[in-house]
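As the structure is a computational prediction, the values presented were derived from the model and not from experiment. We name chains A, B, ... by the order of the sequence lines, and we start the count at 1 in each one.
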Amino acid sequence: MDNENQLIHARKEKLGRLLEMGANPFPTKAERTHKIREIFDNTESFIDNKTTLDVVGRIRSLRKMGKASFCHIEDETGKIQIYIKRDDIGQEKYKIFKQCDLGDFVHVKGFVFYTQTNELSIHAEEFTFLAKAIRPLPVVKEKIEDGKKILYDQFADKELRYRKRYLDLLLNPEVKEIFKTRSKIIKMMREFLDARGYIEVETPILQPLYGGAAAQPFVTQHNKLDMELYLRIADELYLKRLIIGGFEKVYEVCKDFRNEGMDRTHNPEFTQIELYEAYADYNDIMDLVEDMLTGIAQEVCDTVKIPYDAHTIDLTKPWQRKPMLELIKEYAGIDIENSSMEELLAFCKEHEIELDVKNLGKIIDEIFKRFVEDNLIQPTFVIDYPKEISPLAKSKPENPQLVERFEIFIGGLELGNCFSELNDPIDQRERLENQAKQRELGDVEANEVDEDFLEAMEYGMPPTGGLGLGIDRIVMLFTNSHNIKDVILFPQMRPESHQD
RNA sequence: GGGCCAGUAACUCAGUGGUAGAGUAUCGCCCUUUUAAGGCGAGAGUCGAAGGUUCGAAUCCUUCCUGGCUCACCA
């Protein structure tokens, strides 16, 4: 290709030269006796004993000079400078070294010493190519001044960072930290639940009927069965079948899929942890959420008073538990229980709240979203939701219009949703049939009746507390990230060139 | 979906109607303790895309694409 990028062209030429010189630019085996971190941890003994080390890594900086050169190589544990001299490794090997570019993987055998400027380095005695990069990495330079790291030409284009996450991880170290934290959070959730006698299960992602949340699904096709299948929007109905089957504590770390808009808190595929505990109710689950998240905060952030955005969020237990209608009274100034339907509709009109369905539950939900959500910075369990918008939750004994449900808000983020699960099959059938009716009336997010699930419940289901926690948003909270894309390795993006 | 902003070399950016620029990176030469290495020299662009206005467009206009922020929507 004659119009090939000159940078790539130059690197391919070097590749050719390496082959001519008899060097293998892509050997199958790499020798490593020490990770870079270990060198910094054992410097004195390595220097005293003149220990010979085999170190591998990627070239991250390169200062080639006539007959001696410096570079930094980086492995997963850190970065170290290499000093490489022609007269030490021989003319042939030095020529091979000169074919190196930023981004190449190399092996160095040598001993540890301090340079004139007192930087711990490896004095190379042997050098081997491990892999040639033929595409140039974006150039980021750094300088240490007064102990502070100054970056020049930082790889900063958000679009490129999301599309080429491998470069983002390589060039912006704090990104790697976010994903290490994410891994740690999920691991801690598992440990927390395992210690309480939960077992981890897996349920279908491909479902003949979808349910367990109000959302639009992705649809796919099974060729041999010649039928449509849905990617799950929630795991709820399958996990409840397991409770019916006699498991008393189950959880699943699950990818769910919702065919809806994307914004700073929504990605079409996202990760939840759903858990169900027989003989528990929503109060027990509130305790569990408090314990789990404060434990994680202590471990991950080293404190339960964590910074988020402009706030300091205090996760000290107990967290406030406030009825939804009380919060609406507090922030919207309207007393739902003592207002007529006409008054509520007038209130909505006055505040330009549009309603596609005009039932009490929806109205409450809309007013809540408009006036309350953003104010819930400190941890708040919002409890007792309207029945119409909670078809899988058990009614409150003292007020059947409300259900035993909570959502947990922290930092203005809705992090999770929990019910005392409805286990009365007659009531459940009515609610699902009512949903199906709403669906026929045009509510695209209402589900169809899942007869198989209802049949399972008819065999008997114990009282159960169930919870779904949005892991992506929890990671946002604990890493002080403000866009869900920053906590998902490969967030959904439109193709770069897109035609209608 | 609405509003605002952005898209120029591999990266970071300048360039508001008159021959496409800088630093880094790259290539060549020099350089045996450098570290944003240095010195001298060189090459590198579909200025997001398509139309339009103009003698002349990176620049003005229209439409579109992509992204960011924000509002709305979304359990």
Side-chain angles (χ1 to χ4, degrees), chain A residues 3-11 13-14 60-72 79 81-89 94 101-103 113-119 121 123 133 135-145 149-164 167 171 212-216 233-234 236 258-266 268 352-354 356 361-362 365-366 368-370 373 382 385-386 388-393 405 407 414 416-419 444-446 468 470 482-483 485 491 493-500:
Chain A
N3 63 350
E4 184 178 66
N5 182 304
Q6 61 158 347
L7 300 175
I8 293 177
H9 184 72
R11 284 168 178 243
E13 279 186 346
K14 289 181 189 169
R60 291 304 311 278
S61 75
L62 194 50
R63 291 173 292 285
K64 290 187 210 172
M65 293 180 286
K67 298 184 187 67
S69 301
F70 291 88
C71 64
H72 279 90
K79 219 187 294 190
Q81 180 168 257
I82 308 294
Y83 176 55
I84 187 160
K85 199 162 58 160
R86 188 193 67 180
D87 296 347
D88 288 334
I89 63 162
Y94 195 68
D101 287 300
L102 289 176
F113 76 112
Y114 282 100
T115 63
Q116 285 178 354
T117 53
N118 213 31
E119 175 167 353
S121 305
H123 191 126
R135 192 177 285 273
L137 291 175
V139 184
V140 179
K141 297 216 167 190
E142 60 180 60
K143 183 167 78 171
I144 312 280
E145 203 166 80
K149 199 197 280 185
I150 305 169
L151 290 175
Y152 297 86
D153 300 341
Q154 188 170 16
F155 182 62
D157 184 304
K158 282 221 174 174
E159 182 173 356
L160 279 180
R161 291 177 59 186
Y162 293 143
R163 286 191 196 279
K164 301 186 196 294
L167 294 181
L171 300 168
Q216 296 189 63
I233 58 172
E236 174 142 357
R258 296 186 185 175
N259 206 339
E260 292 169 349
M262 295 151 62
D263 61 27
R264 56 177 281 274
T265 58
H266 295 84
E352 292 174 348
I353 294 173
E354 284 177 31
D356 43 352
K362 278 274 182 193
D365 199 31
E366 294 297 328
F368 179 80
K369 275 188 214 155
R370 169 69 69 84
E373 274 194 18
V382 179
Y385 278 66
E388 292 95 329
I389 57 168
S390 316
L392 300 166
R405 170 182 179 182
E407 290 191 334
E414 179 204 328
N417 187 16
C418 159
F419 317 133
V444 289
E445 295 193 333
H482 304 105
N483 192 317
K485 286 189 169 76
M493 301 286 279
R494 282 201 176 87
E496 276 174 276
S497 64
H498 174 80
Q499 286 179 348
D500 270 347

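- Dashed line: the shortest gap from a side-chain N or O of A/K64 to OP1 or OP2 of B/rC31 is not under 4.0 Å.
- Among the heavy atoms of the strands, none lies under 4.0 Å from A/R60.
- Heavy atoms from other residues, nucleotides or ligands lying under 6.0 Å from NZ of A/K164 number 12 at most.
- Side-chain contact between A/R135 and A/D101: absent, with no pair of heavy atoms (C-beta onward) separated by less than 4.5 Å.
- Ranked by how close their nearest RNA chain B nucleotide is to the 5' end, A/H266 and A/E119 are led by A/E119.
- Taking 4.0 angstrom as the limit, A/K141 places none of its side-chain polar atoms (N or O) nearer than this to OP1 or OP2 of B/rG23.
- Among the nucleotides B/rC31, B/rG68, B/rA75, the one closest to any side-chain atom of A/K67 is B/rC31.
- A/S61 comes within 4.0 angstrom of no nucleic acid atom, judged by non-hydrogen atoms across all strands.
- Put simply, NE2 on A/H9 is 13 Å from P on B/rA44, counting in whole angstrom units.
- Among the atoms of the strands shown, base atoms are found under 4.0 Å from some heavy atom of A/Q116.
- Look at the C1' atom in both B/rU54 and B/rC60: the space between them is 10 Å, to the nearest Å.
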Do A/L160 and A/L167 pass the side-chain contact (heavy atoms from CB on, under 4.5 Å) test, and can you show the C-alpha distance, the side-chain angles, and the key distance before you say yes or no?
CA-CA 9 Å; A/L160 279 180; A/L167 294 181; over 6 Å; no

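- Ring orientation note: the planes of A/F113 and A/Y83 are tilted relative to one another, at an angle of 30° to 60°.
- Taking atom P on both nucleotides, B/rC64 is separated from B/rG38 by 48 Å, rounded to a whole Å.
- Taking side-chain N and O atoms only, A/N118 has no distance below 4.0 Å to OP1 or OP2 of B/rU33.
- As judged by a 4.0 angstrom heavy-atom cut-off over every strand, A/P391 is placed among the base-contacting residues.
- Across B/rG18 and B/rG3, the matching P atoms stand 31 Å from one another, rounded to whole Å.
- One can find a donor-acceptor pair under 3.5 Å joining the base of B/rU34 and the side-chain atoms of A/Q81.
- Listed pair A/K85 / B/rU33 fails the phosphate criterion, with no side-chain N or O lying under 4.0 Å from OP1 or OP2.
- With P as the reference atom, B/rU59 and B/rA72 are 35 Å apart, rounded to whole Å.
- The interatomic distance linking A/R264 (CZ) with B/rC74 (C1') rounds to 14 Å, in whole Å.
- When the C1' atom is compared between B/rA9 and B/rU46, the two are found 13 Å apart, to the nearest whole Å.
- Taking the P atom of each, B/rG52 and B/rA57 are spaced 12 Å apart, rounded to whole Å.
- B/rA49 and B/rC65 have their C1' atoms separated by 7 Å, with the value rounded to a whole Å.
- Look at A/R63 and you'll find a side-chain N or O under 4.0 angstrom from OP1 or OP2 of B/rA37.
- Where A/R11 and A/A214 each meet RNA chain B at their nearest nucleotide, the meeting point lying more 5' is that of A/R11.
- Contact annotation: A/Q6 does not reach the phosphate of B/rC27 (side-chain N/O to OP1 or OP2, under 4.0 Å).
- As judged by a 4.0 angstrom heavy-atom cut-off over every strand, A/R163 is placed among residues touching the sugar-phosphate backbone only.
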Nucleotide by nucleotide, nucleotides 1-12 of chain B touches protein heavy atoms under 4.0 Å in the pattern (B base, S sugar-phosphate only, - none) ---------BBS

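- Residue A/K14 places at least one side-chain N or O under 4.0 Å from the OP1 or OP2 atom of B/rC27.
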